[in-house]
Amino acid sequence: MNPSPATPGDIVPGAEPTATAPGDEPTAAAPGADPVPDAPVESGASNAADAPVASDASATAGIPDDLRAAALDRQRRLRQEPRFPGGPAADPAGSHHERRIRSFQPRRSRVSPGQQDALERLWPKWGLDIDGLRVLDLPELFDGLPVVLEIGFGMGEATAQMAADDPGTGILAVDVHTPGQGNLLRLADRNGMSNIRVANGDAIILLREMLKPDSLDGLRVYFPDPWPKARHHKRRLIQPEFLDLVAQRLRPGAVLHCATDWEPYAEQMLEVLTAHPRFENTVADGGYAPRPAFRPLTRFEGQGLDKGHVVHDVLFARH
């Protein structure tokens with residue numbers, strides 16, 4: 001299995017998966033022009049919002065200053081507009097939150113007609129943008145169900161399976177991958193599941209600005225981006241500072257469940273969680289846990305296992 005998230009799809013947390021770590025400027029998504037109206041729809045989440053303005057300047061070279069300024073202003077406004085009417089925003093918190101190192105990289109990929117239909121029909125009902133401007137009332141949002149946060153769900157198949165298997169638990173699923181957002185909404189609608197809400201944007205902002213203390217009954221981070229190069233390790237999601245924030249939002253006894261097929265990242269997860277004073281390993285000997293029955297074995301994970309890759313699960317309860 002390659003270093004990108006193996007399941008459930010890709011985030012990215014696939015979302016890696018939807019969160020950020022404190023630090024410097026985020027890695028910009030690959031520049032590219034927005035699709036013309038008749039072209040196949042492509043998603044970008046915050047891709048367009050993060051694209052370098054320098055490319056705009058070169059594209060308008062030689063144009064009179066007043067026309068050039070108007071063109072640049074229009075391009076900037078377009079980058080902030082949703083790609084689908086009433087759907088997820090391109091960069092919901094980008095205009096009023098600081099830039100930091102991100103643990104994810106939004107990717108351009110095609111949105112199918114079914115995914116687009118789900119985004120346009122269901123986003124107003126089951127979707128929300130992480131803008132950092134309000135505090136969510138989770139009991140109201142989930143009709144009183146206990147709520148588990150999932151950071152990075154890829155195409156949503158595993159999330160939908162877990163929601164179907166446990167209808168008494170609400171899943172707040174965060175990602176920036178637009179096709180995955182549409183697919184998860186489509187699956188929830190097709191299977192009559194009302195215990196899923198899809199959040200678009202940066203999970204750090206969600207945790208820090210939009211969730212109340214002790215409001216979560218669990219956190220799942222499955223196959224986050226391992227950022228294998230040493231110079232990129234600071235981008236990994238599971239860090240002491242992240243755990244400090246998570247500990248404030250989890251109820252006492254709530255479990256943080258991580259899974260990865262990247263051995264060095266698994267070792268880091270186990271190390272930082274073991275060292276954190278507000279978390280305790282649910283495994284008596286202090287090691288990795290067997291895969292719980294509630295975490296589905298996805299196609300991507302199965303392919304990796306067939307190739308001899310080892311998947312580690314780490315489950316820690318909050319004191």
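Numbers here simply count residues along the sequence, with the first being 1.
- Annotation for A317 and G253: closest pair CB-O, 4.2 Å, computed over non-hydrogen atoms.
- For the pair D131 and M210, the minimum side-chain heavy-atom distance is below 4.5 Å.
- A donor atom on one side chain and an acceptor atom on the other are found under 3.5 Å apart for Q116 and E120.
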Pair V314-L273, side chain to side chain contact (heavy atoms under 4.5 Å, CB included): steps then yes or no:
CA-CA 9 Å; V314 180; L273 276 161; 3.7 Å; yes

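- L315 belongs to a hydrophobic cluster whose other members, connected by ILVMFWY side-chain contacts under 4.5 Å either directly or through intermediates, are V255.
- The CZ atom of R249 sits 7.0 Å away from the OG atom of S215 when rounded to the nearest 0.5 Å.
- Q115 is not listed as a side-chain neighbour of R110, based on a closest heavy-atom distance of 4.5 Å or more.
- Shown here is D65, whose CG atom has no more than 12 heavy atoms of other residues, nucleotides or ligands within 6.0 Å.
- With contacts defined as side-chain heavy-atom distances shorter than 4.5 Å, the pair Y265/L237 qualifies.
- Using a 3.5 Å distance cut-off with no hydrogens or angles, the side chains of Q181 and D175 do not pair a donor with an acceptor.
- The distance from atom CG of L245 to atom CG of L207, rounded to the nearest 0.5 Å, is 5.0 Å.
- Residues satisfying the side chain to side chain contact (heavy atoms under 4.5 Å, CB included) test with A199, not counting sequence neighbours, are L128, I130, L172, V174.
- Hydrophobic clustering, with ILVMFWY side chains joined whenever heavy atoms are under 4.5 angstrom apart, keeps V221 apart from V310.
- By the 4.5 Å heavy-atom criterion applied to side chains, Q248 and P213 are not counted as neighbours.
- By the ring pair (Phe, Tyr, Trp, His ring centres under 6.0 Å) test, H232 is found to be paired with W227, residues two or more places apart in sequence or in another chain being considered.
- Every pair tested for salt bridge (charged side-chain N to carboxylate O under 4.0 Å, His left out) that includes a residue from residues 160-172 fails, sequence neighbours excluded, so the list is empty.
- Take A259 and apply the side chain to side chain contact (heavy atoms under 4.5 Å, CB included) test, not counting sequence neighbours, and it matches Y222, F223, R295, D313.
- Note on V272: it clusters hydrophobically with L219, by side-chain heavy-atom contacts below 4.5 Å among ILVMFWY residues.
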Hey, can you pull the donor-acceptor pairs under 3.5 Å for the side chains in residues 135-149, sequence neighbours left out?
from, atom 1, to, atom 2, distance (Å)
D137, OD1, E140, N, 3.3

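- To the nearest 0.5 Å, atoms CD1 (I196) and CG (L185) are separated by 8.5 Å.
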For the pair H257 and E150, evaluate side chain to side chain contact (heavy atoms under 4.5 Å, CB included) and give the outcome as yes or no after the intermediate values.
CA-CA 10 Å; H257 181 191; E150 181 177 3; over 6 Å; no

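- Minimum heavy-atom separation, I151 to F242: CD1-CZ, 3.9 Å.
- Screening residues 182-197 for side chain to side chain donor-acceptor pair (under 3.5 Å) gives R121-D189, N183-R186 as the qualifying pairs, with residues at least two apart or on separate chains.
- Here the closest non-hydrogen pair linking G154 and H177 is O-ND1, 4.2 Å.
- Applying the side chain to side chain contact (heavy atoms under 4.5 Å, CB included) rule to P252 yields the partners D214, R318; only residues at least two apart in sequence or on another chain are considered.
- Applying the ring-ring contact (aromatic ring centres under 6.0 Å, His included) test to residues at least two apart or on different chains, the pairs with a partner in residues 269-292 are H276-F279, Y288-H312.
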R220 vs M162, test: side chain to side chain contact (heavy atoms under 4.5 Å, CB included). Steps then yes/no.
CA-CA 11 Å; R220 297 166 180 168; M162 289 185 289; 3.6 Å; yes

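- The minimum heavy-atom distance linking A173 with L184 is given by the pair CB-CD2, 3.9 Å.
- Tracing side-chain contacts under 4.5 Å through hydrophobic residues (I, L, V, M, F, W, Y), one reaches W126 starting from W123; they form part of the same cluster.
- Between the CG atom in L243 and the CG atom in L250 there is a gap of 10.0 Å [rounded to 0.5 Å].
- Taking every heavy atom of both residues into account, V198 and F153 meet most closely at CG1-CZ, 3.9 Å.
- Here the CZ atom belonging to R236 is positioned 8.5 Å from the CH2 atom belonging to W262, to the nearest 0.5 angstrom.
- From M269, atom CE reaches atom CD of Q239 across 10.0 Å, with rounding to the nearest 0.5 Å.
- Judged purely by atom type and a 3.5 angstrom limit, N200 has no side-chain atom pairing as donor or acceptor with the backbone of P88.
- Closest heavy-atom contact between G287 and L270: O-CD1, 4.0 Å.
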